[in-house]
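One-based numbering, in listed order, for ligands and for the atoms of each.
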Amino acid sequence: MATNKLAALVVLVAFLAGPAACEGINICLNFNGWLKPSILDPLFCPRGSGPPVPSPSGSGLSYGYYNTRCPTAEKIIKDAVKKAVDENPGIGAGLIRLFFHDCFVRGCDASVLLNTTNSQNSDTEREGLPNKDSLRGFEVIDEAKTAIEAACNNTVSCADIVAFAARDASYFLSNGSINIRMPGGRYDGRESFANETDQLPGPFSNVAQLQASFAAKGLTSDEMVTLSGAHTIGRARCMFFSSRFSEMDPAYAAKLRAQCNGNGNTNVNQDDVTSNVLDKQYYQNVLDNKVLFASDAVLNSTVTRAQVTENADKAGEWERKFEKAMEKMGKIKGDQQGLEIRKVCWRVNNVGLY
Ligand code: HEM
Ligand SMILES: *[C@@H]1O[C@H](CO)[C@@H](O)[C@H](O)[C@H]1NC(C)=O
Ligand SMILES: *[C@@H]1O[C@H](CO)[C@@H](O)[C@H](O)[C@H]1NC(C)=O
Ligand SMILES: *[C@@H]1O[C@H](CO)[C@@H](O)[C@H](O)[C@H]1NC(C)=O
Ligand SMILES: *[C@@H]1O[C@H](CO)[C@@H](O)[C@H](O)[C@H]1NC(C)=O
Ligand SMILES: *[C@@H]1O[C@H](CO)[C@@H](O)[C@H](O)[C@H]1NC(C)=O
């Protein structure tokens with residue numbers, strides 16, 4: 001949906017509903033589950049039919065892609081990730097999420113890292129609602145990139161650095177029990193638009209919306225359930241779940257309520273049991289009603305419940321599924337393929353020349 005159409009819709013809804021219903025960020029548009037739905041939402045704010053998205057194919061990617069091209073690259077990334085995760089496990093969570101948010105928007109092309117493109121005065125993905133004041137780990141990517149450019153310049157894409165960093169963060173945070181086979185060979189894109197981050201599912205999404213947003217990227221419902229298990233690490237802001245305290249386990253809700261203390265910007269741990277370990281605890285939390293978002297809780301619905309209980313119960317099963325699903329997520333392609341190997345991960349090459 002074009003921006004001007006969105007704007008017209010907001011104005012229309014504001015006109016029909018009066019100022020109280022559509023003020024500030026509480027516009028009736030639900031932004032794919034990122035804004036708490038208002039009762040007007042189904043009437044006035046249907047989700048626009050976005051551009052068609054090709055399914056993951058992964059052609060062009062291969063394992064050990066840099067073994068001959070830049071033999072030290074993967075080691076440099078691993079060392080940078082290890083150092084960061086040892087200091088703060090939350091950065092590892094940030095790196096895993098960075099990969100998800102990169103791949104879901106324009107495919108895995110490092111568009112999520114850009115804050116400088118040739119599209120003048122246009123906000124990049126980093127400014128989008130799901131990303132702003134939230135994504136972290138950029139400095140790890142930048143540090144690895146600088147060291148890699150010094151070792152072998154113009155060879156390793158930022159998109160591959162993001163993918164390898166997510167793999168390595170998964171390994172360290174799982175204490176070595178998650179080993180993702182991650183191919184390389186991606187290229188970096190030259191565009192990044194904040195408005196396209198509405199393709200990311202939001203915390204207020206229901207199960208059908210979650211399935212649809214993953215299906216749009218070629219991922220199955222089971223893979224959606226599997227990848228949601230990443231909410232066993234990292235943090236989240238109270239604004240995304242404080243409306244559902246009454247639906248949670250009462251003791252858990254009371255603890256969260258105290259932590260949030262009325263401030264929507266406060267961060268809390270997503271997994272209260274094993275906060276910094278990438279493990280299957282998330283699925284037990286779903287069954288125990290001790291998860292934060294509506295989008296987590298709805299996985300207990302009839303269509304996905306069997307997978308949740310299986311992941312919670314069977315040792316090792318979720319870990320293997322997570323490895324495969326992360327690899328598949330790394331093969332999502334956008335309409336445009338990556339075009340270059342950036343020199344600096346947060347800006348396109350030759351800014352201003354094209
Ligand atoms: C299923 C749909 C999903 C929804 C609705 C969702 C939503 C969210 C939200 C709202 C946050 C908190 C952001 C904030 O408060 O600033 C978050 C955090 C996080 N998400 Fe998701 N997410 C989803 C899937 C995923 C997937 C597929 C992954 C990775 C495989 C992932 C990894 C993470 C991680 C690691 C964090 C914590 C980040 C940090 O601590 O910096 N999420 N997610
Ligand atoms: C997103 O924003 C860009 C830049 O402002 C604009 O050119 C594009 O048309 C917008 N896309 C949609 C789908 O609104
Ligand atoms: C862009 O982000 C990087 C970090 O990835 C930061 O160092 C740089 O100052 C930012 N530049 C602009 C123009 O915001
Ligand atoms: C990088 O590559 C270019 C072209 O291949 C070369 O001219 C340059 O000396 C290399 N080194 C640095 C540090 O830029
Ligand atoms: C991590 O693994 C090592 C050896 O594989 C084991 O000794 C250690 O207890 C594990 N740590 C955690 C936190 O599970
Ligand atoms: C999950 O769904 C089952 C079956 O409908 C129900 O009995 C159970 O109470 C639900 N659990 C939670 C935490 O909502």
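The shortest heavy-atom distance from G202 to ligand 1 is under 4.0 Å. Remark: distances from the non-hydrogen atoms of W34 to ligand 1 include one below 4.0 Å. Ligand 3 has no atom lying under 4.0 Å from any heavy atom of E139.
Taking only nitrogen or oxygen atoms, main chain and side chain alike, S295 does not reach within less than 3.5 Å of ligand 1. Ligand 1 has an N or O atom lying under 3.5 Å from an N or O atom of S134, backbone or side chain. The shortest N/O to N/O separation between R136 and ligand 1 falls below 3.5 Å. Annotation: T116 places no N or O atom under 3.5 Å from an N or O atom of ligand 3; distance criterion only.
Heavy-atom contacts from other residues, nucleotides or ligands closer than 6.0 Å to CZ of F138 number more than 12.
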Practice task
Show your reasoning for whether salt bridge (Lys or Arg N to Asp or Glu O under 4.0 Å) applies to K343 and E149.
Solution key: CA-CA 7 Å; K343 270 281 180 201; E149 286 302 298; 3.2 Å; yes
Practice task
Go through the steps for R106 and E191 under the test salt bridge (Lys or Arg N to Asp or Glu O under 4.0 Å), then give the verdict.
Solution key: CA-CA 9 Å; R106 294 189 164 251; E191 298 287 8; over 6 Å; no
Exercise for the section: Take D86 and K82, measure what salt bridge (Lys or Arg N to Asp or Glu O under 4.0 Å) needs, and give me the verdict at the end. Expected result: CA-CA 6 Å; D86 282 350; K82 170 130 184 43; 2.8 Å; yes
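Of the listed options T124, N115, V140, N115 places a heavy atom closest to atom 14 (O) of ligand 3. Closest heavy-atom approach to atom 2 (C) of ligand 1 within the set P201, G234, A169: this belongs to P201. Distances from atom 35 (C) of ligand 1 to the heavy atoms of A166, A93, A294, G94 put A93 nearest.
Residue-level proximity to ligand 3 for K145 is absent, since no heavy atom of it falls below 4.0 angstrom. The side chain of D142, and not its backbone, has at least one atom closer than 4.0 Å to an atom of ligand 3 (non-hydrogen atoms only; side chain from C-beta on). With a heavy-atom cut-off of 4.0 Å, Q270 touches ligand 1 through its side chain alone. The proximity of N267 to ligand 1, defined as any non-hydrogen pair under 4.0 Å, does not occur for either the backbone or the side chain.
Side-chain polar atoms of Y252 and D288 form no donor-acceptor pair below 3.5 angstrom.
For atom 29 (C) of ligand 1, the nearest non-hydrogen atom of the protein is A230 CB, 3.4 Å. Closest to atom 20 (N) of ligand 1 among all protein heavy atoms lies H231 NE2, 3.0 Å.
Protein heavy atoms come within 4.0 Å of atom 5 (O) of ligand 3.
Each of the atoms 12 (C), 18 (C), 37 (C), 39 (C), 40 (O) of ligand 1 lies under 4.0 Å from some heavy atom of R235.
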